[in-house]
Amino acid sequence: MTSEGGLLRRMAQVSGESRMLHSAFGRLISVACAAVAACSAIAQPVSSQEAPKAADPATPAAVAGDYVHSEMELVAGIRLSPDGSFRYGLTVGSLDEQAQGRWKVAGNRIELISDPRPVAPVITAGRIDAAPDQPFAIRVVGPNGRDVPGVDLSIEFETGDPLESYLAGGPWSLPSDEKRKPRFVTFSMASYRLRSERLPLSADPGRIATFLLTPNDFGVLDLTGVQAELEGDSLTLHRPEGAMRFKRTRP
């Protein structure tokens, strides 16, 4: 994945929001949505009381344009092009995601269709390495063999509740006071909607269990079926996590 998010932040600091938006969209707008925690600054749940009133049917000519939201380190933007294509992106902190595809008018709403549909990243079981005289450990590595930070894990045991923890970017071991026998592990990265299958786990001392992250279209969001609506110069994108509101910067 490119460093488009870093580019957006640098442009925002140097030139201001308006100049940043036009330059960023001209270079291929970065697009996406973060997890609920990352999006909390701009995403607010939509309740039945907040649901917008019915509006007149939208037209492609009235909808097409560039829309942006920027707040501190967070920058998000969406371009609805007159040819029916869209690009959408969000960057906040270390998180950068994007999406692209087609859009169409459906009554008083705009419907997005990701094209091509992204392939979700997966985590699968890899090799078992010997580590004599060391406690059992778990690693999650990428295609380059380096440890992947920020991966949550859930360990299931023969008895009792699961143990929830995370990998900080290196081998992870069970707490020294944990005497139960692990049976399964599940990995997740909520910001990227990644959740592995429930993977068998044999936690024998002196071994390191390595799991493989296959990125596929890591950081590319599937927005198929997501709807938006235009009211004045505000575009509200309705996502399962809540509503994201963007301001039009040019038609």
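Predicted, not measured: the structure shown is a model, and the values here were computed from it.
Taking both residues in full, the closest heavy atoms of Ala243 and His238 are given as CB-ND1, 4.5 Å, listed atom of the first, atom of the second, then distance. In this structure, Arg248 and Ala62 approach most closely via the heavy-atom pair NH2-O, 2.7 Å. Of all heavy-atom pairs spanning Phe211 and Val185, the tightest one is CZ-CG1, 3.9 Å. When all heavy atoms of Leu235 and Ala228 are compared, the closest pair comes out as CD1-CB, 4.1 Å. Closest non-hydrogen pair, His69 versus Phe246, comes out as N-CD2, 3.8 Å. Taking every heavy atom of both residues into account, Pro118 and Val220 meet most closely at CB-CG1, 3.7 Å.
Checked for salt-bridge contact, Glu229 and Arg109 meet the test: a charged N lies under 4.0 Å from a carboxylate O. With respect to the salt-bridge test (charged N to carboxylate O, under 4.0 angstrom), the residues Asp233 and Lys247 qualify. Taking a cutoff of 4.0 Å between a charged side-chain nitrogen and a carboxylate oxygen, Glu156 and Arg183 do not qualify as a salt bridge.
No side-chain heavy atom of Asp204 sits under 4.5 Å from any side-chain heavy atom of Ile128. Side-chain contact between Ser154 and Glu164 is present, with at least one heavy-atom pair separated by less than 4.5 Å. Under the 4.5 Å side-chain criterion, counting only non-hydrogen atoms from C-beta, Arg79 is not in contact with Ser85. Thr214 places none of its side-chain heavy atoms less than 4.5 Å from the side chain of Val119. Between Leu90 and Val75 there is no side-chain heavy-atom pair separated by less than 4.5 Å. Contact annotation: the side chain of Thr224 approaches that of Arg117 to within less than 4.5 Å [non-hydrogen atoms, C-beta and beyond]. Counting only heavy atoms from C-beta outward, the side chains of Pro215 and Pro143 approach each other to under 4.5 Å. The closest side-chain heavy-atom distance from Thr186 to Leu153 is not below 4.5 Å.
In this structure, Asp115 CG and Leu223 CG are separated by 12.5 Å, a value rounded to the nearest 0.5 Å. Taking CZ from Phe86 and OG from Ser114, the interatomic distance works out to 4.5 Å, rounded to the nearest 0.5 Å. The line from CG of Asp147 to CZ of Arg139 is 4.0 Å long, rounded to the nearest 0.5 Å. Atom CE of Met189 is separated from atom CG of Leu213 by 7.0 Å, given to the nearest 0.5 angstrom. Remark: Asp152 CG to Leu167 CG distance equals 9.0 Å, nearest 0.5 Å. Rounding to the nearest 0.5 angstrom, the gap separating the CG atom in Asp222 from the CG atom in Asp217 is 10.0 Å.
Trp103 contributes a side-chain N or O that, together with a main-chain N or O of Ser81, makes up a donor-acceptor pair within less than 3.5 Å. A donor-acceptor contact shorter than 3.5 Å is absent between the side chain of Arg193 and the backbone of Gly219.
Listed by chain and number, the residues in a side chain to side chain donor-acceptor pair (under 3.5 Å) with Thr124 amount to none (sequence neighbours excluded). Residues passing the side chain to side chain donor-acceptor pair (under 3.5 Å) test with Glu178, sequence neighbours excluded: Arg180. For the salt bridge (Lys or Arg N to Asp or Glu O under 4.0 Å) test, no residue two or more places apart in sequence or in another chain qualifies with Asp177.
The one candidate from Ile155, Leu174, Val151, Thr210 that meets the side-chain contact (heavy atoms from CB on, under 4.5 Å) condition with Ile138 is Ile155.
In the hydrophobic clustering of ILVMFWY residues, with side-chain heavy atoms under 4.5 Å counting as a link, Ile78 and Ile113 come out apart. Note on Val140: it clusters hydrophobically with Leu163, by side-chain heavy-atom contacts below 4.5 Å among ILVMFWY residues. Residue Tyr192 is not grouped with residue Val122 when hydrophobic side chains (ILVMFWY) are merged at heavy-atom distances under 4.5 angstrom, including chains of intermediate members.
Members clustered with Leu212: Val141, by chain and number, using a 4.5 Å side-chain heavy-atom cutoff among hydrophobic residues. Connectivity analysis of hydrophobic side chains (ILVMFWY, heavy atoms under 4.5 Å, direct or indirect) links Ile208 to nothing; its cluster partners are none.
Heavy atoms of other residues, nucleotides or ligands lying less than 6.0 angstrom from CG of Asn144 number more than 12.
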Practice task
Before giving the answer on side chain to side chain donor-acceptor pair (under 3.5 Å), spell out for Thr249 and Asp66 the whole-Å C-alpha distance, their side-chain angles and the decisive distance to 0.1 Å.
Solution key: CA-CA 6 Å; Thr249 63; Asp66 290 347; 4.8 Å; no

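Listed by first then second residue, pairs satisfying ring-ring contact (aromatic ring centres under 6.0 Å, His included) with a partner in residues 124-170 number zero, not counting sequence neighbours.
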